Amino acid sequence: MKKIVIIPVILFVVIVATTLLIARTFFPDNVAETAPDGGAKDLKTRVYKTDPANAAKIALETIPTLSSWGSNWKLTENKIENDTAIVKAEVPVVFFTDDLEVKIKQTTGGVTVDVRSNSRVGKSDFGENRRHVVQILEALDKKFGSQNQ
């Protein structure tokens, strides 16, 4: 009887350990963010021909329409300071919540938009934060259309 219980427990532990090892190998962090050069994960800062207030308005309208794992993203903060607008949101991921920040800065002839998504817990996210960043960037690109440079 003990062998019948021990074998599934050992098998479960091996599967969990293997999954965690694979996660740390292929997705070594739990943060994804844009950068002017696209960074290591090919996430490039966006430039749009608009002003920070309009870009923030569009981000505020867009974020609640996006969803992950069947749950909509939730706005948590919206502020404009000097020439920078910051929009923050919570992104539900199964049992966890990730934090998303969209930073919009005034530049000559438009705005730059940088996005950062990070997990609140854990050391690996299986690429989920990168998917969040890509999802919001694709939505903003679609909203701004040909304005993306």
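Basis for what follows: all heavy atoms, side chains included, without hydrogens, waters or symmetry-related copies. All figures in this text were calculated on a predicted structure; none of them were measured in a lab.
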Okay, side chain of K105, backbone of T112: is any donor-acceptor separation there less than 3.5 Å? no
Looking at CG of D51 and CG of D83, how far apart are the two atoms once the value is rounded to the nearest 0.5 Å? 12.0 Å
For side-chain contact (heavy atoms from CB on, under 4.5 Å), just list the numbers for V115 and E101, CA-CA rounded to whole Å, side-chain angles, deciding distance to a tenth of an Å, and then say yes or no. CA-CA 6 Å; V115 181; E101 179 180 273; over 6 Å; no
Does R116 reach the main-chain N or O of D114 with its side chain, forming a donor-acceptor pair under 3.5 Å? no
Flag the pair D99 and K88 as a salt bridge only when some basic side-chain nitrogen lies within less than 4.0 angstrom of an acidic carboxylate oxygen. no
Do V111 and P52 have side chains that get closer than 4.5 Å, going by heavy atoms? yes
Main-chain N/O of G110 paired with Q106 side-chain donor or acceptor, under 3.5 Å: yes
With rounding to the nearest 0.5 Å, note down the distance linking CG in L137 to OG1 in T45. 9.0 Å
Check against side chain to side chain donor-acceptor pair (under 3.5 Å), D141 and Y48: CA-CA 9 Å; D141 288 347; Y48 301 111; 2.6 Å; yes
Could you give me the CA-CA distance, side-chain angles and deciding distance for Q135 and S68, then say whether side-chain contact (heavy atoms from CB on, under 4.5 Å) is met? CA-CA 10 Å; Q135 190 173 358; S68 296; 4.0 Å; yes
Is the shortest heavy-atom distance from the side chain of I63 to the side chain of V87 under 4.5 Å? yes
Report yes or no: does D98 contribute a side-chain atom to a donor-acceptor pair with the main-chain N or O of V91 at less than 3.5 Å? no
Starting from the C-alpha separation in whole Å, work towards a yes-or-no answer on side-chain contact (heavy atoms from CB on, under 4.5 Å) for V102 and V113. CA-CA 7 Å; V102 179; V113 176; 3.8 Å; yes
Does the distance from a Lys or Arg side-chain N to an Asp or Glu carboxylate O, for E90 and R120, drop under 4.0 Å? yes
Hey, what's the ring geometry for H132 with W73, parallel, tilted or perpendicular (30° and 60° as the breaks)? perpendicular
Could you tell me the separation between the CG atom of L100 and the CD atom of E33, rounded to the nearest 0.5 Å? 11.5 Å
CD of E138 to CZ of R46: how many Å apart, nearest 0.5 Å? 8.0 Å
Before accepting this row, confirm whether a basic side-chain N of the pair E128/R130 lies closer than 4.0 Å to the acidic partner's carboxylate O. no
Does some side-chain heavy atom of L75 sit less than 4.5 Å from a side-chain heavy atom of L60? yes
Side-chain donor-acceptor pair present, S119, N129, cut-off under 3.5 Å: yes
Using 0.5 Å steps for rounding, measure from the CD1 atom of I58 to the NZ atom of K142. 14.0 Å
Between CZ of F95 and CH2 of W69, what distance do you get to the nearest 0.5 Å? 10.5 Å
Contact check, side chains of V134 and L43, non-hydrogen atoms, under 4.5 Å: yes
Can you check side-chain contact (heavy atoms from CB on, under 4.5 Å) on I86 and I104, steps first, answer last? CA-CA 6 Å; I86 298 174; I104 303 160; over 6 Å; no
Do you know which two heavy atoms are closest between A32 and V133, and how far apart they sit? O-CG2, 3.6 Å
